[in-house]
Amino acid sequence: MSIVVSNLTKEYGIQKAVNDISFTVNKGEIVGFIGPNGAGKSTTMKIITGYIRNYTGTVEVNGLELSKNLIDVKRQIGYLPEHNPLYLDMYVREYLRFVAGIHKLGKESAARINNVIELTGLGNEQKKKIGSLSKGYRQRVGLASTLVHDPAVLILDEATTGLDPNQIVEIRNLIANVGKEKTVLLSTHIMQEVEAICHKVIIINKGKIVMDDISENVNSYSKETRQNVYAEFSKEVDAKQIANIAGVVEVQNIDNNKWLIVGNGLIDIRPNIFDFAVKNAVQVLSLHEQQQSLEDVFREVTK
């Protein structure tokens, strides 16, 4: 295991920002760590990276217990906080040399800086002042600084916040590429990002873990399993009649004769919709089931 969090609790006065949570992140995984604002994501990440020291429970990174091996654990981690801290008056390469110096890389500095500049696509920007770069390229500089000491574990808190759609895709692809060789714990509010690159999803809400599963299982996860069926009929039908179909719990008119029909998940409601159509002399022009998205699951477990 690269990260093992056991019975972690952090209190601020009477408020438990993190409430007795446990989870693991395996070596080589990219894990999406998501939750509403104030759920405890950033607090958890700051504890794992050693920035918050006053907590109960244990954290291990690559077999090292954080409380007993703080400096060694920090050497294992590359951390990009939500508000990317950069010296805007420094040049890109100059800043990376500064970070390499902090990590005491010595003779390895030049090779490592060249490597991360290439990896993060900063070649054409390396001689520019950080303050003159777009936000997307500043994020690249932040990622480069987390990678310069070649850490085994990356902790990325809202790495794509405030970027335009093209920049988001670029940074997402960069994270996916880096994640082929490293363990990544990624906090984000962009569900498509998690669906695109994460092997596992952990959802935290009000300081508690409410879901922890591999990505393949997320869409079928539900405390109250629901079946979403989109149906189009040949003529107008009454919403109350559709609502009376066995297994139906919700009906929504999409457009004219197109409907979203939600089942309780205990039975497949599609045969019942066909029976309804036959009894009412209505043709079914289309009928298809939509799997739950991560956003649907997120809303359900955090509501």
Side-chain angles (χ1 to χ4, degrees), residues 1-85 102-103 142 146 149 151-159 161 179 182-189 194 198-215 217-218 221 223 294 297-303:
M1 302 289 184
S2 283
I3 302 173
V4 180
V5 173
S6 302
N7 306 114
L8 187 65
T9 298
K10 172 60 183 174
E11 298 179 350
Y12 293 102
I14 61 173
Q15 180 184 1
K16 288 187 176 181
V18 178
N19 187 2
D20 193 30
I21 67 172
S22 300
F23 64 87
T24 61
V25 181
N26 296 319
K27 183 178 180 180
E29 284 186 330
I30 302 177
V31 174
F33 189 48
I34 60 178
N37 290 330
K41 303 184 299 299
S42 293
T43 297
T44 302
M45 289 179 151
K46 288 176 182 176
I47 291 173
I48 295 172
T49 53
Y51 283 86
I52 292 177
R53 303 283 299 280
N54 184 22
Y55 61 88
T56 60
T58 61
V59 175
E60 290 185 10
V61 177
N62 286 346
L64 299 172
E65 187 176 335
L66 177 63
S67 62
K68 298 176 181 178
N69 305 276
L70 180 62
I71 300 301
D72 288 333
V73 168
K74 285 191 173 186
R75 289 192 180 107
Q76 301 277 337
I77 293 175
Y79 174 45
L80 181 64
E82 181 177 359
H83 302 291
N84 186 3
I102 292 174
H103 289 288
T146 69
H149 61 296
V153 176
L154 293 180
I155 309 291
L156 308 178
D157 193 359
E158 303 289 351
T161 296
K182 301 183 183 299
T183 302
V184 180
L185 184 63
L186 170 69
S187 168
T188 179
H189 285 295
V194 178
C198 293
H199 304 109
K200 189 168 80 166
V201 180
I202 298 172
I203 301 179
I204 185 171
N205 186 43
K206 298 179 181 177
K208 300 284 288 184
I209 301 295
V210 293
M211 198 194 81
D212 182 350
D213 209 341
I214 60 173
S215 296
N217 294 340
V218 169
Y221 180 93
K223 289 182 179 178
L294 176 58
V297 175
F298 180 88
R299 285 175 176 165
E300 184 175 327
V301 299
T302 61
K303 64 185 178 183

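Values reported hereafter were calculated over all heavy atoms of this structure, with side chains retained and with hydrogens, waters and symmetry mates removed.
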What side-chain donor-acceptor pairs closer than 3.5 Å can you find for residues 31-43, not counting sequence neighbours?
| residue | atom | partner | partner atom | Å |
| --- | --- | --- | --- | --- |
| Asn37 | OD1 | His189 | NE2 | 3.0 |
| Lys41 | NZ | Gly35 | O | 3.0 |
| Lys41 | NZ | Pro36 | O | 3.1 |
| Ser42 | OG | Asp157 | OD2 | 2.7 |

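- Of the possible polar contacts, one joining the Ser215 side chain to the Cys198 backbone as a donor-acceptor pair under 3.5 Å is found.
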Distance-only donor-acceptor hits, side chain of residues 3-13, under 3.5 Å, sequence neighbours excluded:
| residue | atom | partner | partner atom | Å |
| --- | --- | --- | --- | --- |
| Asn7 | ND2 | Asp20 | OD1 | 3.1 |
| Thr9 | OG1 | Asp20 | N | 2.9 |
| Lys10 | NZ | Asn54 | O | 2.8 |

Enumerate donor-acceptor pairs with a distance under 3.5 Å from any side-chain N or O in residues 199-207 to protein atoms, sequence neighbours excluded.
| residue | atom | partner | partner atom | Å |
| --- | --- | --- | --- | --- |
| His199 | ND1 | Ile30 | N | 2.8 |
| Lys200 | NZ | Thr24 | O | 2.5 |

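- Looking only at side-chain heavy atoms (C-beta outward), Lys27 and Val153 stay at 4.5 Å or farther from each other.
- Judged as a ring pair (Phe, Tyr, Trp, His ring centres under 6.0 Å), and not counting sequence neighbours, Tyr55 has no contacts.
- Under the rule for a ring pair (Phe, Tyr, Trp, His ring centres under 6.0 Å), the partners of Tyr79 that lie at least two apart in sequence or sit in another chain are Tyr51.
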Kindly determine whether Leu66 and Thr58 satisfy side chain to side chain contact (heavy atoms under 4.5 Å, CB included), including the steps that lead there. CA-CA 7 Å; Leu66 177 63; Thr58 61; over 6 Å; no
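- Distance alone, capped at 3.5 Å, places no donor-acceptor pair between the Glu300 side chain and the Val297 backbone.
- Atom NZ of Lys46 has 12 or fewer neighbouring heavy atoms from other residues, nucleotides or ligands inside a 6.0 Å radius.
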List the steps and the verdict of side chain to side chain contact (heavy atoms under 4.5 Å, CB included) for Val184 and Leu186. CA-CA 6 Å; Val184 180; Leu186 170 69; 4.3 Å; yes
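- Residues Ile48 and Leu185 are in side-chain contact: their nearest non-hydrogen atoms beyond the backbone lie under 4.5 Å apart.
- Screening residues 70-81 for salt bridge (Lys or Arg N to Asp or Glu O under 4.0 Å), with sequence neighbours left out, gives Asp72-Arg75.
- Residues Thr44 and Phe23 are in side-chain contact: their nearest non-hydrogen atoms beyond the backbone lie under 4.5 Å apart.
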